[in-house]
Amino acid sequence: MAEPVIAIVMPCYNDSEVLPLSVERLSGILDTLVAAGKISPQSFMLCVNDGSTDGTWQLINKFHKSDPRVKGVALAHNRGQQCALMAGLMTVNGKCDAAITIDADLQDDPAVIGEMVEMFRDGKDIVYGVRKSRAIDSWFKRTSAHAFYRLQRSLGMNTIYDHADYRLMSDRAIGLLSEYGEANLFLRGIIPQIGLDSGVVAYDRQKRAAGESNYSLTKMISFSIDGVTSFSAKPIRMIFFVGLALLLLDIIVALYVFTSYFSDRTILGWTSLMLSVWFLGSIILMSIGVVGEYIGKIFSEVKHRPRYAIRDTLWD
Ligand code: UDP
Ligand code: MG
């Protein structure tokens with residue numbers, strides 16, 4: 001295999017403080033890998049400016065002037081990290097052999113880029129960067145993140161534990177990703193769905209080199225809700241089962257109501273009210289669940305996800 005052209009894709013949102021450090025560090029890594037004959041000298045970096053308001057774009061322009069290997073693309077306004085990542089990946093689609101997405105703050109250790117490239121050269125289409133430990137995270141971030149992974153698992157989603165958006169994707173994987181037309185992006189859920197051979201490299205997550213996190217608690221919560229609701233209709237299905245459980249409970253309630261009635265411990269009207277409240281309540285919930293099943297179908301149809309992904313073709 002000739003040395004692959006590697007693209008490093010970095011979403012940047014108000015990251016002017018940390019960007020000079022990151023660009024320098026990543027250029028160094030590219031240089032080392034080129035010198036070692038692991039990657040092509042045509043390898044490059046793409047900074048995706050996600051509508052920053054702090055001069056990040058001016059900085060990217062400056063870097064591009066002094067080193068054309070630093071390329072840039074600017075979104076018209078702030079669309080969030082997932083959209084910025086998608087924009088970057090679609091920009092390099094067809095222009096590289098593999099792309100590595102990494103946060104601009106270099107919290108994800110760029111030292112394992114070499115390992116990712118090695119696995120790609122060994123035939124992996126997707127290499128996930130996975131954190132070794134979360135020791136530097138706050139107790140809250142750690143616990144909430146783990147609870148979220150467990151929730152995703154229990155809802156039948158196929159996500160990689162402790163993997164954020166630090167990963168390598170081959171041009172084939174990026175091509176397949178381009179067929180996902182959904183607007184609510186949750187790449188960590190979509191990419192494992194693509195299939196293809198994948199590998200994992202472990203790294204230690206660092207503290208931010210400079211600047212501050214742009215993920216507020218509200219952004220994190222809405223991201224989590226998006227993550228679940230874009231992949232699972234199970235919460236809807238649960239409504240039906242809650243209704244069913246209530247209907248079963250209804251039998252016990254009915255027994256109690258009837259014994260009270262026949263032992264003359266009730267007032268007029270209580271028996272019929274109790275029976276109808278419980279019975280109707282459970283029937284209504286089950287009916288909502290049935291309607292929900294159809295909404296679940298509509299929800300998966302409107303996303304127009306590809307029905308299958310072709311790995312290889314032998315033709316001629
Ligand atoms: N980011 C982005 N758009 C946003 C928020 C963040 O492109 O609206 C980028 C940001 O530039 C960084 C990455 O997403 O490269 C991760 O953001 P951050 O470090 O603020 O999040 P944390 O590491 O705290 O989860
Ligand atoms: Mg960060």
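Since the structure is predicted, the reported quantities are computational estimates derived from the model, not experimental observations. Both ligands and their constituent atoms are indexed starting at 1 by order of listing.
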Study note, to complete from the structure: Looking at Asp105, the N, O or S atom sitting nearest the Mg ion (ligand 2) is OD2
What protein heavy atom is closest to [atom], reported as residue, atom name and distance in Å?
| atom | result |
| --- | --- |
| atom 16 (C) of ligand 1 | Asp103 OD2, 3.3 Å |
| atom 19 (O) of ligand 1 | Asp105 OD2, 2.6 Å |
| atom 23 (O) of ligand 1 | Gln107 OE1, 2.7 Å |
| atom 24 (O) of ligand 1 | Ser213 OG, 2.6 Å |
| atom 20 (O) of ligand 1 | Asn214 N, 2.4 Å |
| atom 14 (O) of ligand 1 | Gln81 CG, 3.2 Å |
| atom 17 (O) of ligand 1 | Tyr215 CD1, 3.9 Å |

Review point. Aromatic rings Phe186 and Phe148: how do their planes relate, parallel, tilted or perpendicular, breaks at 30° and 60°?
Key: perpendicular
Within a reach of under 6.0 Å around [atom1] of [X], are more than 12 heavy atoms found that belong to other residues, nucleotides or ligands?
| X | atom1 | value |
| --- | --- | --- |
| Arg79 | CZ | no |
| Arg237 | CZ | no |
| Glu182 | CD | yes |
| Lys297 | NZ | no |

**Study point:** Charged N-O contact under 4.0 Å between Asp109 and Arg205
**Key:** no
Review point. Does an N or O from Ala84, backbone or side chain, lie closer than 3.5 Å to an N or O of ligand 1?
Key: no
Point to revise | CA sep, side-chain torsions, deciding dist, call: Asp197, Arg172, salt bridge (charged side-chain N to carboxylate O under 4.0 Å, His left out) | key: CA-CA 11 Å; Asp197 285 345; Arg172 172 162 51 186; over 6 Å; no
Exercise for review: Mark up the atoms of ligand 1 that fall under 4.0 Å of a heavy atom belonging to Asp15, in ascending order.
Suggested key: 10 (C), 11 (O), 12 (C), 15 (O)
**Study point:** Numbered atoms and elements of ligand 1 in range of Asn78, under 4.0 angstrom, heavy atoms
**Key:** 3 (N), 4 (C), 8 (O)
How does [X] reach ligand 1, by side chain, by backbone, by both or by neither, if only non-hydrogen atoms under 4.0 Å count?
| X | answer |
| --- | --- |
| Cys12 | backbone |
| Arg205 | side chain |
| Asp50 | side chain |
| Val48 | neither |

Review point. Looking at Trp270, Phe258, Tyr261, which one forms a side chain to side chain contact (heavy atoms under 4.5 Å, CB included) with Leu275?
Key: Phe258
Review point. Is there a heavy atom in Lys219 that sits closer than 4.0 Å to ligand 1?
Key: yes
Review point. Going by heavy atoms, is Lys141 under 4.0 Å from ligand 1?
Key: yes
Exercise for review: Give the minimum heavy-atom separation between Pro235 and Leu155, together with the two atoms involved.
Suggested key: CD-CD2, 4.3 Å
Check your understanding: Any luck finding a side-chain donor-acceptor pair between Thr56 and Asn49 under 3.5 Å?
Key -> no
